[in-house]
Q: 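Take this structure first; my questions come after.
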Protein chains: 2
Amino acid sequence: MDLSNNTIERITKIYGYLDALEERGVDFVSSKELAEALGTTDHTIRKDISLLGMTGYTRKGYSVRFFKKELAKKLELNKKRKACIIGLGRLGTALLDYERAKEDGFEVVAGFDCSINKLERIRTHIEVFPMSELENIIKGRSVDLGIITVPAKSAQQVADQLIEAGIKGILNFSPAKIVVPKNIIYLDMDFTNALRFVAAKFITKQ
Amino acid sequence: MDLSNNTIERITKIYGYLDALEERGVDFVSSKELAEALGTTDHTIRKDISLLGMTGYTRKGYSVRFFKKELAKKLELNKKRKACIIGLGRLGTALLDYERAKEDGFEVVAGFDCSINKLERIRTHIEVFPMSELENIIKGRSVDLGIITVPAKSAQQVADQLIEAGIKGILNFSPAKIVVPKNIIYLDMDFTNALRFVAAKFITKQ
DNA sequence: TCTAATGTGTGAAATAAATCACAGATGTAA
DNA sequence: TTACATCTGTGATTTATTTCACACATTAGA
Ligand SMILES: NC(=O)c1ccc[n+]([C@@H]2O[C@H](COP(=O)([O-])OP(=O)(O)OC[C@H]3O[C@@H](n4cnc5c(N)ncnc54)[C@H](O)[C@@H]3O)[C@@H](O)[C@H]2O)c1
Ligand SMILES: NC(=O)c1ccc[n+]([C@@H]2O[C@H](COP(=O)([O-])OP(=O)(O)OC[C@H]3O[C@@H](n4cnc5c(N)ncnc54)[C@H](O)[C@@H]3O)[C@@H](O)[C@H]2O)c1
């Protein structure tokens, strides 16, 4: 498959929406409704779905149950990959205990911090380790994803350690701009950049 | 100005990178270095900058100090707009105390929660209020941005309340897909969607 | 004061993405 | 059972974005 990032992003959002619909007991959904929920057009949605090789029912739309199951299979969301979190401060610990993540393709299996003090005081049901264990744990437990929640000045260093340990993907919550090799999947979750983005939108839109 | 979302996003990232460079005492930066930091090409960077009507110096690149100042002026990052946070759970309280946000166009001036119990126990230097005060505060203090950190099932309702109160932009951290009028600036910060996105990337890339 | 090296600036070309348009298909209501 | 309304599926078209290519500085070094 070679889908554009935009398509992948919309598809994963559709999955989330289907999830909510299923919970509400809805059977069918139209491209128009999906489009409205995602803030795009029905054409785009149908095109995306068509690109995935999936089909709906004329005059009814898409079967929520079937569509969701099919998507989960295609995106391999059932296959629980493993994730770890580095930096157990305010943000890191919030993410550590965020149960919801389990339903979306990854399970957090370990936390790391450089401060032994922090490690001792932390209360969580997920195992936490000092940084010296990083490589052991990642290699030993086949951890695929590293979630970085350390201060900006340590972010690149932590990323390098993760890559060295054989990580395949990185989610970076720090405001630092991290450089990674092209074969590493990288996603910038920078909150401060989101604020600037909104600020810029304010002046271009209004 | 009518810049594409992609351009705006890159520009705001460039701003963040310039910030880091300034701190390190770097004077000039080339489009190539910026491109590497953002994971794009130097052509794209130069085009973006050219679109903004800004120029660099031949064979030297762009003056970090000047470029950053100019960008801040163009994006009005100096003009501190006001933001509020709705839902003071784990995530909400972490964001409430996140000082860094002040440097990026918004200042958090209020927190809201429906649980009086939570409001009483919370320890923060930012004022917190019950939901009944939402409209008063937003209107009275000219709050522009609402940051939603309530559970998914309440997210749409909170968004509606914010819009009713006259908010201009919304940042939604819940996994719910929220529908807002087109004149509201809306950004989806859904962490679970990011996980699914990465999961999808794993199978398309590897 | 040359010369080579390096990095910008920007129309033009190429590529990618979104939108359109309309032919099916099928449920619904009379 | 007929006519109509509605929603999908997808080539074709349009629009947007990225990439290219190269002229044009300017600096550094010989
Ligand atoms: N707090 C927020 O609301 C918020 C929001 C968005 C982004 N962020 C960003 O997320 C990151 C963490 O924020 P926070 O508020 O949780 O910070 P924090 O200071 O509370 O936590 C940082 C943690 O990282 C650990 N750490 C520091 N250097 C390390 C290293 N080299 N290796 C391993 N662990 C290390 C520290 O011991 C600490 O526990 C920061 O980059 C911040 O900018 C925070
Ligand atoms: N915890 C995380 O790491 C994390 C990460 C990403 C996203 N999220 C999402 O962010 C949101 C908050 O997560 P959390 O872990 O902080 O949850 P939480 O349960 O700790 O906090 C939710 C808060 O919202 C308040 N609330 C509920 N309904 C409300 C309403 N109608 N009006 C005002 N306040 C209301 C509750 O009193 C509570 O204080 C959720 O949607 C969650 O899915 C959480």
Side-chain angles (χ1 to χ4, degrees), chain A residues 1-14 17-18 21 26-68 70-71 74 182 197 200-201 204-205, chain B residues 1-14 17-18 21 26-68 70-71 74 182 186 188 197 200-201 204-205:
Chain A
M1 270 200 289
D2 54 336
L3 304 170
S4 75
N5 273 1
N6 285 354
T7 293
I8 294 181
E9 195 170 337
R10 280 191 298 267
I11 289 292
T12 54
K13 282 186 183 172
I14 288 175
Y17 193 68
L18 291 174
L21 287 176
V26 177
D27 285 339
F28 286 89
V29 63
S30 69
S31 57
K32 200 169 151 217
E33 181 179 344
L34 289 171
E36 199 164 327
L38 301 209
T40 177
T41 69
D42 52 339
H43 308 108
T44 304
I45 297 288
R46 289 207 298 282
K47 187 64 142 206
D48 286 339
I49 295 172
S50 149
L51 250 34
L52 276 169
M54 302 175 65
T55 63
Y57 298 95
T58 312
R59 247 203 72 116
K60 291 178 92 176
Y62 304 88
S63 154
V64 172
R65 258 172 58 84
F66 177 74
F67 191 9
K68 191 189 152 197
E70 201 64 19
L71 263 187
K74 276 204 200 289
K182 274 196 295 299
F197 182 85
K201 277 305 237 184
T204 55
K205 202 164 176 176
Chain B
M1 268 200 289
D2 55 336
L3 305 169
S4 75
N5 273 359
N6 284 356
T7 293
I8 294 181
E9 196 170 336
R10 280 192 299 267
I11 289 291
T12 55
K13 282 186 183 172
I14 287 175
Y17 192 68
L18 291 174
L21 287 177
V26 177
D27 285 338
F28 286 90
V29 63
S30 69
S31 56
K32 199 167 152 219
E33 181 179 345
L34 289 171
E36 198 164 328
L38 302 207
T40 178
T41 69
D42 53 339
H43 307 109
T44 304
I45 297 288
R46 288 206 301 280
K47 188 64 146 197
D48 286 338
I49 294 172
S50 149
L51 250 33
L52 276 170
M54 301 175 66
T55 64
Y57 299 94
T58 312
R59 242 201 77 116
K60 291 179 93 175
Y62 304 88
S63 153
V64 172
R65 259 172 57 85
F66 177 74
F67 191 9
K68 193 190 151 196
E70 200 64 17
L71 263 187
K74 277 202 199 289
K182 275 198 294 298
Y186 176 78
D188 196 342
F197 182 85
K201 277 305 239 184
T204 55
K205 203 163 176 177

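Naming: A, B, ... by sequence-line order, numbering from 1 per chain.
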Q: So, for L38(B) and I14(B), which heavy atoms are closest and what is the spacing to 0.1 Å?
A: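 So the two residues come closest at CD1-CG1, 3.8 Å.
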
Q: CD of E36(B): more than 12 outside heavy atoms within 6.0 angstrom?
A: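 Open.
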
Q: Measure from CG on D48(A) to C1' on dT19(C) and round the result to the nearest Å.
A: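 Rounded to the whole Å, the gap is 12 Å.
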
Q: Rounded off to whole Å, could you give me the CG-to-P distance for the L3(B) and dT18(D) pair?
A: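 So the two atoms are 12 Å apart, to the nearest Å.
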
Q: Any N/O pairs under 3.5 Å between the protein and nucleotides 12-15 of chain D? List them or say none.
A:
from: dA12(D); atom 1: N6; to: K47(A); atom 2: NZ; distance (Å): 3.4

Q: Step by step, work out the salt bridge (Lys or Arg N to Asp or Glu O under 4.0 Å) result for D48(A) and R10(A).
A: CA-CA 8 Å; D48(A) 286 339; R10(A) 280 191 298 267; 2.5 Å; yes

Q: Does OH belonging to Y57(A) count more than 12 external heavy atoms closer than 6.0 Å?
A: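 Open.
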
Q: Whole angstrom is fine here: how far is it from CD1 in I8(B) over to P in dA16(D)?
A: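 Atom-to-atom, I8(B) to dA16(D), this comes out as 15 Å.
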
Q: Show the distances under 3.5 angstrom between N or O atoms of the protein and N or O atoms of nucleotides 25-30 of chain C.
A:
none

Q: What is the distance, to the nearest angstrom, from the CG atom on N5(A) to the P atom on dA17(C)?
A: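 For the pair N5(A) CG and dA17(C) P, the rounded distance is 8 Å.
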
Q: Rounded to whole angstrom units, what separation is found between the CE atom of M54(B) and the C1' atom of dT10(C)?
A: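 Going from M54(B) (CE) to dT10(C) (C1'), I get 17 Å.
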
Q: Tell me the interatomic distance from L51(A), atom CG, to dT8(D), atom P, rounded to whole angstroms.
A: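 So the CG-P distance, L51(A) to dT8(D), works out to 16 Å.
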
Q: For a quick test of reading the model, state the closest non-hydrogen atom pair linking M54(A) to F67(A) and the distance between them.
A: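 Scanning both residues completely, I find the closest heavy atoms to be CE-CD1, 3.1 Å.
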
Q: Hey, can you pull the residues of residues 29-41 of chain B with a non-hydrogen atom under 4.0 angstrom from DNA chain D?
A: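 Correct list: T41(B).
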
Q: Step by step, work out the side-chain contact (heavy atoms from CB on, under 4.5 Å) result for F28(A) and R65(A).
A: CA-CA 8 Å; F28(A) 286 89; R65(A) 258 172 58 84; over 6 Å; no

Q: Quickly work out the I49(B) CD1 to dG9(C) P distance and round it to whole Å.
A: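 Computing the I49(B):CD1 to dG9(C):P distance gives 7 Å.
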
Q: With a 4.0 Å limit, can you tell me whether R46(B) has a side-chain N or O closer than that to the phosphate oxygens OP1/OP2 of dG9(C)?
A: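 The answer is no; no side-chain N or O of R46(B) sits under 4.0 Å from OP1 or OP2.
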
Q: Measure the distance from NE2 on H43(B) to C1' on dG11(C) and round it to the nearest whole Å.
A: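 So the two atoms are 14 Å apart, to the nearest Å.
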
Q: Considering only heavy atoms from C-beta outward, does the side chain of L52(B) approach that of L71(B) to under 4.5 Å?
A: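 Side chain of L52(B) against side chain of L71(B), heavy atoms only: contact under 4.5 Å found.
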
Q: What nucleic acid atoms does N6(B) come within less than 4.0 Å of, heavy atoms only: base, sugar-phosphate, or nothing?
A: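 It contacts sugar-phosphate atoms only.
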
Q: Please name the pair of heavy atoms, one in L21(A) and one in E33(A), separated by the smallest distance, quoted to 0.1 Å.
A: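 Looking at all heavy atoms of both residues, the shortest contact is CD2-OE2, 3.8 Å.
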
Q: Below 4.0 angstrom from OP1 or OP2 of dT19(C), is there any side-chain N or O of T44(A)?
A: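 Yes.
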
Q: With a sphere of 6.0 Å drawn around CZ of F66(A), does it hold more than 12 non-hydrogen atoms of other residues, nucleotides or ligands?
A: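 Atom CZ in F66(A) is not crowded, with 12 or fewer foreign heavy atoms closer than 6.0 Å.
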
Q: Give the minimum heavy-atom separation between S31(A) and D42(A), together with the two atoms involved.
A: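 Nearest pair, atom of S31(A) first, then D42(A): OG-CB, 3.6 Å.
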
Q: Of all the heavy-atom pairs spanning T12(A) and A200(B), show the shortest one and how long it is.
A: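 Nearest pair, atom of T12(A) first, then A200(B): CG2-CB, 4.4 Å.
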
